[in-house]
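Both ligands and their constituent atoms are indexed starting at 1 by order of listing. These values consider heavy atoms only, across backbone and side chains, with no hydrogens, waters or symmetry-generated copies.
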Amino acid sequence: MTGLVEKLYITSDLTDNELRELINTNDIAVSELLRKRADEARQQSYQKKVFLRGLIEVSSYCRNNCLYCGIRRGNPEAERYRLSREDILKCCENGYELGFRTFVMQGGEDAFFTDDFLCPLITEIKEKYPDCAITLSLGERSYESYKRLKEAGTDRYLLRHEAAAQELYSKLHPKDMILENRKKCLFQLKELGYQVGAGFMVGAPFQTVEHIIADLRFLQELKPQMIGIGPFIPHHNTPFSEEKGGTLELTLKLLGILRLMFPKVLLPATTALGTVASNGRELGLQTGCNVVMPNLSPVMVRKKYDLYDNKICTGEEAAECRNCLQKRISAAGYEVVSERGDCI
Ligand code: SF4
């Protein structure tokens with residue numbers, strides 16, 4: 001079985017049968033070799049660098065009703081907020097001083113964030129901080145909107161595809177959410193010249209190994225610059241409140257596989273990974289990850305961006321988050337860099 005890891009390391013691909021075997025095995029020697037090869041692959045492209053993305057959670061309003069999400073429209077107990085233009089600029093100012101060179105504005109699909117609101121704001125941030133990249137993660141929008149946002153100065157867009165297999169996608173989302181539309185958005189973003197991030201949850205309810213293979217194949221087709229995966233963690237006020245969460249082990253294995261399939265991709269060690277295990281992000285970094293996304297949102301709204309239960313880092317100021325992660329990254333043997341961190 002270790003031969004499959006070597007083959008993946010050398011060729012960056014496996015057959016479906018081989019992927020199935022690799023994902024299904026509990027052989028510790030295989031996991032250990034995968035971790036080692038994933039670390040080698042990331043070091044060949046990015047050495048020991050870890051890029052920081054300053055996450056600004058701009059809104060907890062969302063028109064959608066994804067069954068796994070704590071801020072879904074149908075959760076009457078979700079606390080709703082949205083940041084003002086001034087709040088967002090303040091987060092950027094704070095982040096820039098702390099060494100962040102990428103700002104990620106993320107939120108639910110909130111109609112308040114029109115192009116007319118966002119475009120001047122994006123242009124202003126780019127003028128103030130020309131050495132920074134701006135990433136948006138605001139869900140599905142029209143081609144025209146993506147075009148305007150790009151022209152205003154946005155560099156990157158994150159839109160997890162969540163599940164590439166129709167069968168699984170329709171079990172995780174209500175009928176009005178269409179997988180084909182989500183995929184179309186991702187290809188449009190690429191066409192418009194964005195650096196694109198896609199990704200999926202690990203261990204989502206009803207997810208099988210076949211669904212995961214479909215996700216990997218979709219990513220091969222899309223060729224995104226960034227891939228975000230993290231364990232599914234249930235939220236107490238969703239239809240999936242009683243479901244089991246995704247495991248650390250499977251998430252790490254898939255991170256290793258992704259690093260070998262996409263040697264140059266930007267691969268975050270996610271907050272969800274740090275939530276399922278206290279050293280989850282460090283283990284992620286040691287298994288091929290090269291990005292972390294500390295929170296720059298004002299502390300007073302952090303707990304309200306409540307996607308899943310027990311989310312970590314909701315009480316600290318941005319500077320504390322930054323310092324804590326710096327220590328963790330150094331202790332894991334890697335080096336935080338104050339760069340935009342583009343995909344090479
Ligand atoms: S996952 Fe995103 S689109 Fe779905 S309900 Fe949550 S915030 Fe909205």
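L179 and F206 are members of different hydrophobic clusters when ILVMFWY side chains are connected at heavy-atom separations under 4.5 Å.
Relative to the six-membered ring of F103, R53 misses at least one condition, a distance below 6.0 Å or an angle of at most 45° to the axis.
Between Y61 and F112, the gap from one ring centroid to the other reaches at least 6.0 Å.
Here is the list of ligand 1 atoms found below 4.0 Å of a heavy atom in C66: 1 (S), 3 (S), 4 (Fe), 5 (S). Atoms of ligand 1 found under 4.0 Å from any heavy atom of I71 (numbered from 1 in listed order, with element): 7 (S). Within ligand 1, the atoms closer than 4.0 Å to a non-hydrogen atom of Y68 are 1 (S), numbered from 1 in the order shown. Atoms of ligand 1 found under 4.0 Å from any heavy atom of G108 (numbered from 1 in listed order, with element): 7 (S).
Proximity annotation for atom 3 (S) of ligand 1: of N64, L159, L67, N64 comes nearest, heavy atoms only.
Atom CD1 of I28 sits in a sparse spot, with 12 or fewer heavy atoms from other residues, nucleotides or ligands closer than 6.0 Å.
At a threshold of 2.8 Å, atom 4 (Fe) of ligand 1 has no backbone or side-chain N, O or S atom of C69 nearer than that distance.
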Begin from the C-alpha positions of K303 and T314 and carry the test side chain to side chain donor-acceptor pair (under 3.5 Å) through to its verdict. CA-CA 6 Å; K303 286 200 190 334; T314 55; 3.2 Å; yes
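The two atoms that bring L254 and F200 nearest to each other are CD1-CE1, 4.3 Å, heavy atoms only.
The side chain of C62, and not its backbone, has at least one atom closer than 4.0 Å to an atom of ligand 1 (non-hydrogen atoms only; side chain from C-beta on).
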